[in-house]
K.L.:
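Starting off with a structure, shown below.
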Amino acid sequence: MTARELDRVIEMAWEDRTPFEAIKFQFNLVESDVIKIMRKELKPSSFKLWRKRVNSGISQKHLKKRNDSITRFKCSRQRSISNNKISKR
């Protein structure tokens with residue numbers, strides 16, 4: 001995995017509204033792989049906060065916890081994943 005891909009996985013994992021299924025779809029990493037990456041790359045305190053947030057009722061990291069009306073992995077205003085920038089208005 002390249003440094004850029006690793007950064008993107010961490011960014012996606014950190015976002016509350018990006019489900020683990022989206023990470024699996026794009027990078028073929030299951031939840032346990034993402035947890036291992038986050039444990040290795042984050043400071044221990046940051047990792048603990050992230051795990052607490054992911055396991056809380058607030059996080060939507062699992063599709064089963066998400067609202068059924070959310071049907072996409074990314075913002076509709078976001079460019080393709082290769083550019084990964086919100087377009088200017």
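What you see is a predicted model; the values in this text were computed from it and never measured. Computation of the quantities below employed the complete heavy-atom set of this structure, encompassing side-chain atoms and omitting hydrogens, waters and symmetry-equivalent molecules.
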K.L.:
Would you compute the distance between atom NZ of Lys40 and atom CG of Leu6 and round it to the nearest 0.5 angstrom?
P.N.:
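The distance works out to 7.5 Å.
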
K.L.:
Do the charged groups of Arg8 and Glu11 touch, with an N to O distance under 4.0 Å?
P.N.:
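Result for this pair is yes, salt bridge flagged.
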
K.L.:
Looking only at non-hydrogen atoms, find the nearest pair between Val34 and Ala13 and report the distance.
P.N.:
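Heavy atoms only, the tightest pair is CG1-CB, 3.6 Å.
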
K.L.:
How many angstroms lie between atom CD of Glu31 and atom CE of Met38, to the nearest 0.5 angstrom?
P.N.:
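One finds 11.5 Å between CD of Glu31 and CE of Met38.
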
K.L.:
For Lys24, give me all partners under side chain to side chain donor-acceptor pair (under 3.5 Å), at least two apart in sequence or on another chain.
P.N.:
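Only Asn28 meet the side chain to side chain donor-acceptor pair (under 3.5 Å) criterion with Lys24.
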
K.L.:
Tell me, please, which residues at least two apart from Arg39 pass side-chain contact (heavy atoms from CB on, under 4.5 Å).
P.N.:
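Listed in chain order: Ile35, Phe47.
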
K.L.:
Would you please name every residue forming a side-chain contact (heavy atoms from CB on, under 4.5 Å) with Leu49, sequence neighbours left out?
P.N.:
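Applying side-chain contact (heavy atoms from CB on, under 4.5 Å) to Leu49 gives none.
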
K.L.:
Looking at residues at least two apart in the chain, or sitting in another chain, which of them share a side-chain contact (heavy atoms from CB on, under 4.5 Å) with Lys52?
P.N.:
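Testing Lys52 for side-chain contact (heavy atoms from CB on, under 4.5 Å), a comparison that skips the adjacent residues, returns none.
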
K.L.:
Measure the spacing between CG of Asp33 and CZ of Phe27 and express it to the nearest 0.5 Å.
P.N.:
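Going from CG on Asp33 over to CZ on Phe27, the span is 13.0 Å.
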
K.L.:
Just jot down the side-chain contact (heavy atoms from CB on, under 4.5 Å) partners of Ser32, sequence neighbours excluded, or say none.
P.N.:
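Applying side-chain contact (heavy atoms from CB on, under 4.5 Å) to Ser32 gives Val30.
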
K.L.:
Step by step, work out the side chain to side chain contact (heavy atoms under 4.5 Å, CB included) result for Arg51 and Val54.
P.N.:
CA-CA 5 Å; Arg51 285 298 291 157; Val54 166; 4.2 Å; yes

